[in-house]
Amino acid sequence: MDCIFCKIVAGEFGTEFVAENQHAVAFRDINPLAKVHILVVPRNHSSNIAELEDVEELSELFSLIRSVAADFTDGQFRLQFNSGEKEGQTVFHTHAHVLSGRAV
Ligand code: AMP
Ligand code: ZN
């Protein structure tokens, strides 16, 4: 499968992970829409959050989201999962946007 986030997870582009755990990685969005804009991405491929059913993977994903929010924001942030083309999803590998601070 030709999935850009699978390739990032595999380290093919040398993307710096700002945080990671057994089931998920976090890296800065290439086109930041806020002062803090970090993507949190499960290591295993699924198309969007509605398709991710493994309880351990979900738990680890949210654990990393909370850790990123704690470490990179002042505790106030937005969390967004675009799911489906019609709703703005452009990369079809599950990912959470952690956003904080006004747009740069
Ligand atoms: P979405 O519209 O929710 O599918 O978001 C996909 C996000 O991935 C966008 O905000 C893009 O800027 C971001 N993105 C695409 N390619 C890369 C990349 N190579 N490294 C970091 N972020 C990326
Ligand atoms: Zn993928």
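In this text, all values refer to a predicted model and were calculated from it rather than measured experimentally. In listed order, ligands and their atoms are each counted from 1.
Nearest protein heavy-atom neighbour of atom 13 (C) of ligand 1: Asp29 OD2, 3.4 Å. Nearest protein heavy-atom neighbour of atom 22 (N) of ligand 1: Ile30 N, 3.1 Å. Here the protein heavy atom with the shortest distance to atom 5 (O) of ligand 1 is His95 NE2, 3.1 Å. The nearest heavy-atom contact from the protein to atom 2 (O) of ligand 1 is Gly88 O, 2.9 Å.
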Output, in order, the C-alpha distance, side-chain angles, deciding distance and verdict of side chain to side chain contact (heavy atoms under 4.5 Å, CB included) for Lys7 and Asp2.
-> CA-CA 8 Å; Lys7 290 180 179 169; Asp2 200 28; 2.6 Å; yes

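Contact record, Leu52 with Pro42: CD1-CG, 3.7 Å, taken as the closest heavy-atom pair. Residues Gly101 and Ala34 come closest through the heavy atom pair O-CB, 3.3 Å. Contact detail for Glu16 and Phe27: the closest heavy-atom pair is O-CB, 3.4 Å. Shortest non-hydrogen contact noted between Phe62 and Leu79 is CE2-CD2, 4.3 Å.
In summary, the atoms of ligand 1 found under 4.0 Å from a heavy atom of Asn31, numbered by their order in the structure, are 12 (O). Those atoms of ligand 1 that come under 4.0 Å of a heavy atom in Val91, given as number and element, are 4 (O), 6 (C). Residue Ile8 approaches ligand 1 through these ligand atoms, each under 4.0 Å from one of its heavy atoms: 18 (C), 19 (N), 20 (N). Counting the atoms of ligand 1 from 1 in the order shown, those under 4.0 Å from a heavy atom of Phe27 are 21 (C).
Taken to the nearest 0.5 Å, the CD atom of Glu56 stands 10.5 Å off from the CG atom of Leu58. Taken to the nearest 0.5 Å, the CD atom of Gln80 stands 13.0 Å off from the CD1 atom of Ile49.
Aromatic ring centres of Phe5 and His95: separated by under 6.0 Å.
By the 3.5 Å distance cut-off applied to N or O atoms, Asn82 is counted among the residues near ligand 1. At a 3.5 angstrom cut-off on N or O pairs, His97 counts as close to ligand 1.
Residue Phe92 does not touch ligand 1, judged by heavy-atom distances below 4.0 Å. Contact annotation for Leu39 and ligand 1: only side-chain heavy atoms (C-beta onward) come within less than 4.0 Å of the ligand. With a 4.0 Å heavy-atom cut-off, ligand 1 is reached by the backbone of Arg28 but not by any atom from C-beta on. Only side-chain heavy atoms of Phe5 come within less than 4.0 Å of ligand 1; its backbone N, CA, C and O stay farther off.
Residue nearest to atom 6 (C) of ligand 1, selected from Leu99, Thr90, Val41: Thr90 (by heavy-atom distance). The residue among Asn48, Thr94, Ile4, Ile38 with a heavy atom at the shortest distance from atom 16 (N) of ligand 1 is Ile4.
No heavy atom of Thr15 sits closer than 4.0 Å to any atom of ligand 1. Residue Leu33 places no heavy atom under 4.0 Å from ligand 1.
A salt bridge links Arg43 to Glu20: at least one charged side-chain nitrogen sits closer than 4.0 Å to a carboxylate oxygen.
The atom name of the N/O/S atom in His93 closest to the Zn ion (ligand 2) is ND1. Summary: ND1 is the N/O/S atom of His45 found nearest to the Zn ion (ligand 2).
Judged by distance alone, with hydrogens and angles left aside, the side-chain atoms of Thr94 form a donor-acceptor pair with the main-chain N or O of Ser46 at under 3.5 Å. Judged by distance alone, with hydrogens and angles left aside, the side-chain atoms of Ser67 form no donor-acceptor pair with the main-chain N or O of Ser63 at under 3.5 Å. Without hydrogens or angle criteria, Ser100 side chain to Gln76 main chain gives a donor-acceptor distance under 3.5 Å.
The angle subtended at the Zn ion (ligand 2) by SG of Cys3 and SG of Cys6 is 120°, given to the nearest 10°.
Relative ring orientation between His93 and His45 is described as perpendicular, the plane-to-plane angle rising above 60° on a 0-90° scale split at 30° and 60°.
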